[in-house]
Amino acid sequence: MRSHRLHLILLVVCCLAYFTTLRAQTHDFTFGAHAGIAMYKTDGDFSNLPGFATGIDIAYTIRGAIANQTALGLKIGASLSYAGANHSLPNYKEQYINIDYYPEEMDYTITSETYREHQHQIQLEVPLFLSFISHGITINLGGKFLMPFFQKRHIDVTEAHITAYYPDFWVPVTDYLATGRLEDYQYHGKENGNMANLNAALALEVGYEWHVGWQDRMGVNAYCDYTIWNNYSNRPPRQRLIDVDPILNTEYPVPDIRVNALTDTYATKANYLSVGVKIYYAFHTETRKTYPCRCVMD
């Protein structure tokens, strides 16, 4: 990891040294916004679905001319973004064995019609791109750090039923308070999110920009970000999605019930993916270097 960082730093230094030697340079200070979709690609046995993503962007780009209307350079910036993501498990069913205080074994069967998890996060994004432009066509390719600093998730369960079966007595009990029941057969909960708070992503932007007025420009880019590393950790994952405790309290024989998140229960990996469109306005300037003439006068 250290060698990769060193190589990246050396590449940036070399590029900056190269750009300072060019006769013609362009400088763009851009302000814009983006909108698209975001999702987490997980290894859990459930559906990963997109949510809405949006944010505001600022950036600085320096390029050196390499041909007519063609330039290459570096782009750095920052974005403040909101991203949502969804996970779904239809027709959920789970079975396990519990005991009560006698102790008697009980076979539990938990079902629900829908089980959904909705992720919400606000994050800081810091990109570093190699930036190319030719005849208005722009390509920005590089990496991006994504750092969520606010995470919430909603868990929604509908038509949930808890059935406890006593095999010694051949007695099934469904949605009974003493053996476990979700009130109104539904659950709607909010809690802090548990996704990665540091992500390193590959990032690509492709688009077109045009002149506005004398020097400034506007542009539109399609973008794609995909994390190749993050600090998400969930090993080992939880074992039960709706977890009914054993009935061990003789004074109040009602089990505690925990409704867990799909990602916490089943996923050990979660890679962030976002695609969308950016629109921006660029304050554009150009500089040209001149060198003094060192002529021999007659």
Side-chain angles (χ1 to χ4, degrees), residues 1-9 11-12 34-59 75-89 115-130 140-155 190-206 221-239 241 260-278:
M1 188 68 181
R2 290 182 178 177
S3 63
H4 290 307
R5 291 176 182 173
L6 180 60
H7 291 159
L8 180 60
I9 293 171
L11 176 62
V12 172
H34 66 267
I37 60 173
M39 66 185 299
Y40 278 100
K41 302 285 289 182
T42 73
D43 59 349
D45 191 16
F46 51 84
S47 298
N48 300 297
L49 304 173
F52 181 65
T54 187
I56 54 176
D57 315 296
I58 59 173
K75 177 181 178 181
I76 58 175
S79 300
L80 183 63
S81 303
Y82 162 83
N86 302 293
H87 311 281
S88 176
L89 181 63
Y115 204 114
R116 296 189 181 97
E117 179 181 344
H118 311 275
Q119 304 277 355
H120 306 275
Q121 63 190 45
I122 299 175
Q123 59 194 16
L124 177 66
E125 303 177 10
V126 180
L128 175 61
F129 291 122
L130 189 64
N140 301 313
L141 175 64
K144 181 181 290 188
F145 286 106
L146 301 98
M147 293 163 282
F149 56 87
F150 174 84
Q151 297 187 48
K152 285 289 183 180
R153 62 187 175 197
H154 298 176
I155 300 173
K190 298 179 182 180
E191 60 188 30
N192 291 329
N194 194 35
M195 308 308 283
N197 55 25
L198 179 60
N199 303 267
L202 290 176
L204 172 66
E205 298 176 355
V206 179
N221 284 335
Y223 72 88
C224 179
D225 303 327
Y226 181 71
T227 59
I228 55 174
W229 174 89
N230 61 39
N231 65 347
Y232 179 76
S233 179
N234 188 34
R235 294 178 182 274
R238 291 174 177 167
Q239 299 301 311
L241 193 54
N260 296 317
L262 287 166
T263 47
D264 286 353
T265 306
Y266 299 130
T268 61
K269 297 178 181 179
N271 293 328
Y272 178 81
L273 170 67
S274 182
V275 295
V277 176
K278 293 185 176 183

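Just the heavy atoms: all of them, side chains too, but no hydrogens, waters or symmetry mates, feed the values below.
Proximity of Thr263 to Arg153: side-chain heavy atoms (C-beta onward) are separated by under 4.5 Å at one or more points. The shortest distance between side-chain heavy atoms of Cys224 and Leu273 falls below 4.5 Å. Looking at heavy atoms from C-beta onward, Tyr40 lies out of side-chain contact with Glu117 at the 4.5 angstrom threshold. In this structure, Lys75 and Pro127 have side chains that are not in contact, with every pair of non-hydrogen atoms separated by 4.5 Å or more.
Put simply, the side chain of Gln151 gets close to the backbone of Met195: a donor and an acceptor are under 3.5 Å apart. The backbone N or O of Thr268 lies less than 3.5 Å from a partner atom in the side chain of Asp43, making a donor-acceptor pair. For the pair Ser47 (side chain) and His87 (backbone), a donor-acceptor distance under 3.5 Å is absent. Side-chain N or O atoms of Asn271 include none that pairs as donor or acceptor with a backbone N or O of Tyr226 at under 3.5 Å.
Taking the six-membered ring where the residue is Trp, His118 and His154 present perpendicular rings, their angle passing 60° and hence far from 30°.
By the side-chain contact (heavy atoms from CB on, under 4.5 Å) test, Asn234 pairs with Tyr232, Pro237, sequence neighbours left out. Asn260 is linked by a side-chain contact (heavy atoms from CB on, under 4.5 Å) to Arg238, Asp243, Arg258, Thr265, counting only residues two or more places apart in sequence or in another chain. Partners of Leu89 under the side-chain contact (heavy atoms from CB on, under 4.5 Å) rule, at least two apart in sequence or in another chain, are Phe46, Tyr92, Tyr115, Leu241, Leu262, Tyr266.
One distance of note links CG of Leu146 with CG of Leu198; it measures 9.0 Å at 0.5 Å rounding. The CE atom of Met147 sits 13.5 Å away from the CG atom of Asn230 when rounded to the nearest 0.5 Å. Atoms CZ and CD1, from Arg116 and Ile155 in turn, are 13.5 Å apart once rounded to the nearest 0.5 Å. Taking NE2 of His34 as the start and CD of Glu205 as the end, the distance is 10.0 Å to the nearest 0.5 Å.
Between the side chains of Ser274 and Asp225, no donor-acceptor pair of N or O atoms lies under 3.5 Å. Side chains of Gln121 and Gln119: no donor on one and acceptor on the other come within 3.5 Å.
Checking each of Phe150, Phe52, Tyr82 against His120 for a side chain to side chain contact (heavy atoms under 4.5 Å, CB included) leaves exactly one that passes, namely Tyr82.
The number of heavy-atom neighbours closer than 6.0 Å to CG of Asn231, taken from other residues, nucleotides and ligands shown, is above 12.
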